[in-house]
Amino acid sequence: MGQVREFLRFQGELKLRGVPRPARGPVAQAQPVSAAADSVLSLQSIRAEIGDCQRCKLCKGRQNIVFGVGNAKARLMFVGEGPGRDEDIQGEPFVGAAGQLLNRMIEAMGLTRAEVYIANVVKCRPPNNRDPEPDEVAACEPFLRAQIKAVKPEVIVALGRHAVQTLLRDSTPVSRQRGKWREYEGTPLMPTYHPAYLLRNPAEKRPVWQDLQNVMARLGSSKPQGS
Ligand code: URA
């Protein structure tokens with residue numbers, strides 16, 4: 001589906017009219033080949049390190065390890081909670097209903113899914129989509145942190161409680177953290193609601209759209225990597 005249509009769709013969901021489509025500027029700019037190759041290699045070695053992971057009990061019920069997807073040199077990285085049923089089957093993050101909404105949010109920002117990088121706090125599906133438990137987060141989190149180090153995004157968007165609280169090591173409810181810029185090891189991080197929450201609470205799309213516009217403003221005003 002075309003980007004303009006996606007934007008209009010997300011706009012429609014927000015019941016907003018006349019919101020200008022963000023300019024596709026430096027966000028989409030190509031990265032130098034060597035830096036991109038380094039990031040690809042780093043991500044490959046992180047995936048190799050994970051291997052056929054048995055570090056926590058989530059390995060028992062999984063079909064696939066859901067590592068991450070997107071541009072290894074993305075300027076913008078989204079972090080979610082963990083795979084659901086569809087992601088477990090397909091081995092890719094955010095491909096189910098919440099993923100469709102995330103795609104529309106990305107497109108509404110004037111970007112494509114291929115331009116950003118998407119990963120989760122835990123890489124295996126918790127049974128019946130329950131919350132990941134502390135020991136599972138502890139086992140998997142180093143790989144997320146390594147992924148962030150490899151991609152070196154200019155901005156991170158943390159989607160929902162587990163991503164926000166894990167990356168920031170801050171147990172404040174997301175409702176109180178959302179929309180306020182934070183830092184993750186020197187990288188600006190925007191806490192916001194998870195798309196699955198937005199599916200249940202569509203009225204919250206409006207503040208999330210504000211958060212995403214703030215992210216675009218930040219990316220738009222900064223120098224592209226490697227220039
Ligand atoms: N929810 C998440 O947090 N991550 C996914 O990959 C899918 C749904």
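Computed over heavy atoms, backbone and side chain alike; hydrogens, waters and symmetry mates excluded. Each ligand, and each atom within it, is numbered from 1 in the order the structure gives.
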Who's the nearest protein heavy-atom neighbour of atom 2 (C) of ligand 1, and how far?
-> Gly82 O, 3.1 Å

So, does Asp88 use its side chain to make a donor-acceptor pair with the main chain of Asn64 at under 3.5 Å?
-> yes

Contact check, His194 vs ligand 1, heavy-atom distance below 4.0 Å | yes

Side chain Arg55, main chain Cys140, donor-acceptor under 3.5 Å | no

For ligand 1, is any non-hydrogen atom under 4.0 Å from Glu81's backbone (N, CA, C, O), its side chain (CB onward), both, or neither?
-> both

A student checking ligand 1 against Pro93 at a 4.0 Å heavy-atom cut-off should list atoms 6 (O)

Met216/Leu111 under side-chain contact (heavy atoms from CB on, under 4.5 Å): CA gap, chis, key distance, verdict = CA-CA 10 Å; Met216 290 307 293; Leu111 297 169; 4.3 Å; yes

Proximal atoms of ligand 1 relative to Gly80 (non-hydrogen, under 4.0 Å) | 3 (O)

Any N or O of Phe94 that comes nearer than 3.5 Å to an N or O of ligand 1?
-> yes

Donor-acceptor side-chain pairing of Lys205 and Gln210 below 3.5 angstrom | no

Considering only non-hydrogen protein atoms, determine which one is nearest to atom 4 (N) of ligand 1 and report residue, atom name and distance to 0.1 Å.
-> Asn120 OD1, 2.8 Å

Which atom pair, heavy atoms only, marks the closest approach of Met77 to Ala119?
-> CE-CB, 4.0 Å

Using the benzene-type ring in the case of Trp, are the ring centres of Phe78 and His194 under 6.0 Å apart?
-> no

